[in-house]
Q: 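Could you have a look at this structure, given as structure tokens, before my questions?
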Amino acid sequence: MRSDTLPGDPTTVSTRNFNALWAGAAITNLADGVVKLTLPLVAVSMTDSPALVAGATLANTLPWLLFSLPAGALADRVDRRHLIMTMAAARALVLTVLGGAILVDVLPLAGLYAGALLLGTAEVFADTTRMSVVPMVIPRNRMESAFAKLTATETAANEFIGPPLGGLLAAAGLAVALGAGGVGYAGALLALAVMTGHFRSSNHPGPAANVPGLRADIREGIRYVWQARILRSLLLVAGAASGCWAAWMAVIAVHAIAPGPMNLSRAEYGLLIGALGVGGVVGASAAPTLTRRLGRRVVLATSMAGLAVLLAAPAITSSPRLIAVATVLGGAGSGAWNVTYSSLRALVVPDEMMGRYSGVSRLTSWGSMPLGALVAGLTAELVSVRAVFWGGAALCVVVLAVTLRTVTSAEFQRVQARATALHEPAPAQPH
């Protein structure tokens, strides 16, 4: 976004736009936290099959596998703020329909899956695009701080405040919880309306007869990621981790909510999921300092270890307190990973490629979530719920070993040096 398109002081406008984007992300993720806790609860109220309960998570995450690439390519072609706002309106509408169907008791399980799929599709387009907007409103020398603020806020809203609030609302009624999520998305729409200026990538030629099509843009994005070795390696690691995460999320409700081994109520289950947010906020807030002191490689490897602890805990014990502690550690790892990786991406990837890169990134790192949910549901149905946790923990240990072996500190330092040199102003020429 060019500052000459905006009235007033560019720094003031940039700050206002970031704050509006920040507020919209906070409200959106608060609604996400409520809704993502509620969808499995709706499924639990309809069936006692672990596989069918996991189907709600599968449907909600499947769009990351299906639509990440076109979402990223589209984000480089249209006004990014308008696209995010459209997706917020779509999610509010879907939740209104779902909540109304629950109220009159006409929602079938297939209808729940369809609603979860639509919500997930809107989330793919909105979240992929939002990360492409950040470099448009914040200078690169403030990028790590901006991503830390954004990630900490998103984590707090999505995983710390949203799930406990969702548990309380679900205790009052599942339709109430879904309706509250719809109100949240409408609020995010209003927050984004405060932003001023145009948010189409200034380096993309825009729609014209001689411009390559969407498929060509997608191919270019895939080629770019494949050629950037360190980004490619980290995306593959993130993909494995996200699949394990989704497996945990898909079946933890069966394990936690009475008559499951943990014997929790809906409200208590919300607090357990909220422990992810506690850790996430701590991890995201500490990530910039930890990165400066320990290096990106150590922070990313430690983050993966935290996820392994999260997955192993319910396989070993049914104690709510011990599992809550492990959940905090897993959340901290997730928050630290997101900030550390996002800031690296923002340093390396040019603006005109940011949307497409985000699409490839989301496909690789989040497209594995429906696969994780599917495997978790089948494993829980055919073997046991605990087998899901054991398998996920073992895979995380393998991924951690691969991370330490393939991504070196020297490589991170080379990438950082190239990015710094690229964005430093050119020296003044003598007269």
Side-chain angles (χ1 to χ4, degrees), residues 28-29 31-71 87-88 90-102 106-128 158-159 162-163 166 170 174-175 177-179 181-182 184-185 239 242-257 269 273 359 362-382 385 388 392:
T28 297
N29 278 272
D32 285 346
V34 171
V35 171
K36 289 185 177 181
L37 178 121
T38 306
L39 291 177
L41 295 181
V42 176
V44 167
S45 72
M46 295 178 172
T47 177
D48 57 1
S49 165
L52 294 179
V53 171
T57 300
L58 171 62
N60 190 235
T61 55
L62 184 60
W64 289 108
L65 186 61
L66 300 179
F67 303 123
S68 291
L69 292 178
M87 294 302 105
R91 285 195 272 187
L93 178 61
V94 170
L95 287 174
T96 300
V97 173
L98 286 179
I102 290 175
V106 295
L107 181 67
L109 190 59
L112 174 65
Y113 291 166
L117 183 69
L118 291 173
L119 291 169
T121 301
E123 181 183 20
V124 169
F125 281 87
D127 284 10
T128 300
N158 197 319
E159 299 173 3
L174 296 173
L178 293 179
Y185 293 129
S242 294
C244 294
W245 184 280
W248 186 88
M249 287 296 299
V251 298
I252 190 64
V254 177
H255 187 73
I257 297 173
Y269 173 68
I273 302 301
R362 299 289 186 173
L363 172 66
T364 307
S365 59
W366 290 17
S368 61
M369 291 195 297
L371 302 179
L374 176 62
V375 171
L378 293 175
T379 302
E381 189 79 31
L382 300 175
V385 172
V388 175

Q: Who are the side chain to side chain contact (heavy atoms under 4.5 Å, CB included) partners of Ser68, not counting sequence neighbours?
A: Trp64, Val124, Arg362, Leu363
Q: With the side chain counted from C-beta on, respond yes when Met87 and Asp127 share a heavy-atom pair under 4.5 Å apart, and no when they do not.
A: no
Q: Is there a side-chain contact between Leu62 and Leu374 (heavy atoms, below 4.5 Å)?
A: no
Q: Verify side-chain contact (heavy atoms from CB on, under 4.5 Å) between Leu66 and Thr121, making sure each step is shown before the conclusion.
A: CA-CA 9 Å; Leu66 300 179; Thr121 301; over 6 Å; no
Q: Sequence neighbours excluded, which residues qualify as side chain to side chain donor-acceptor pair (under 3.5 Å) partners of Asn158?
A: Asn29
Q: So how far is it from Leu119 CG to Leu95 CG, rounded to the nearest 0.5 Å?
A: 5.0 Å
Q: Rounded to the nearest 0.5 Å, how far does OG1 of Thr38 lie from CG of Leu112?
A: 10.5 Å
Q: Return the set of residues passing side chain to side chain contact (heavy atoms under 4.5 Å, CB included) with Ala175 (not counting sequence neighbours), or none when no residue passes.
A: Ile102, Leu103
Q: Measuring from atom CE of Met249 to atom CG of Leu39, what distance do you get when rounded to the nearest 0.5 angstrom?
A: 10.0 Å
Q: Output the distance between atom NE2 (His255) and atom OH (Tyr269), rounded to the nearest 0.5 Å.
A: 11.5 Å
Q: CD/Glu381 to CG/Leu52 distance, rounded to the nearest 0.5 angstrom?
A: 7.0 Å
Q: Where is the tightest heavy-atom contact between Met369 and Ser242, given as atom of each residue plus distance?
A: CG-O, 3.6 Å
Q: Can you list the steps and then say if Thr61 with Lys36 is a side-chain contact (heavy atoms from CB on, under 4.5 Å)?
A: CA-CA 10 Å; Thr61 55; Lys36 289 185 177 181; over 6 Å; no
Q: Enumerate the residue pairs fulfilling ring pair (Phe, Tyr, Trp, His ring centres under 6.0 Å) with a member in residues 35-56, sequence neighbours excluded, ordered by first and then second residue.
A: none
Q: Sequence neighbours left out, what passes side chain to side chain contact (heavy atoms under 4.5 Å, CB included) with Ala88? Give chain and number order.
A: Leu189
Q: Can you name the closest pair of heavy atoms from Ala177 and Gly166 and give their distance?
A: CB-O, 4.3 Å
Q: Of all residues at least two apart in sequence or in a different chain, which pass the side chain to side chain contact (heavy atoms under 4.5 Å, CB included) check with Ala373?
A: Thr57, Leu58, Ala250
Q: Quick check on side-chain contact (heavy atoms from CB on, under 4.5 Å): which of Val254, Ile257, Asp48 does Val53 satisfy it with?
A: Val254
Q: For the residue pair Leu98 and Val42, establish whether any side-chain heavy-atom pair is separated by less than 4.5 Å.
A: no
Q: If you compare all heavy atoms of Ala31 against all heavy atoms of Gly181, which two are closest, and at what distance to 0.1 Å?
A: CB-O, 3.5 Å
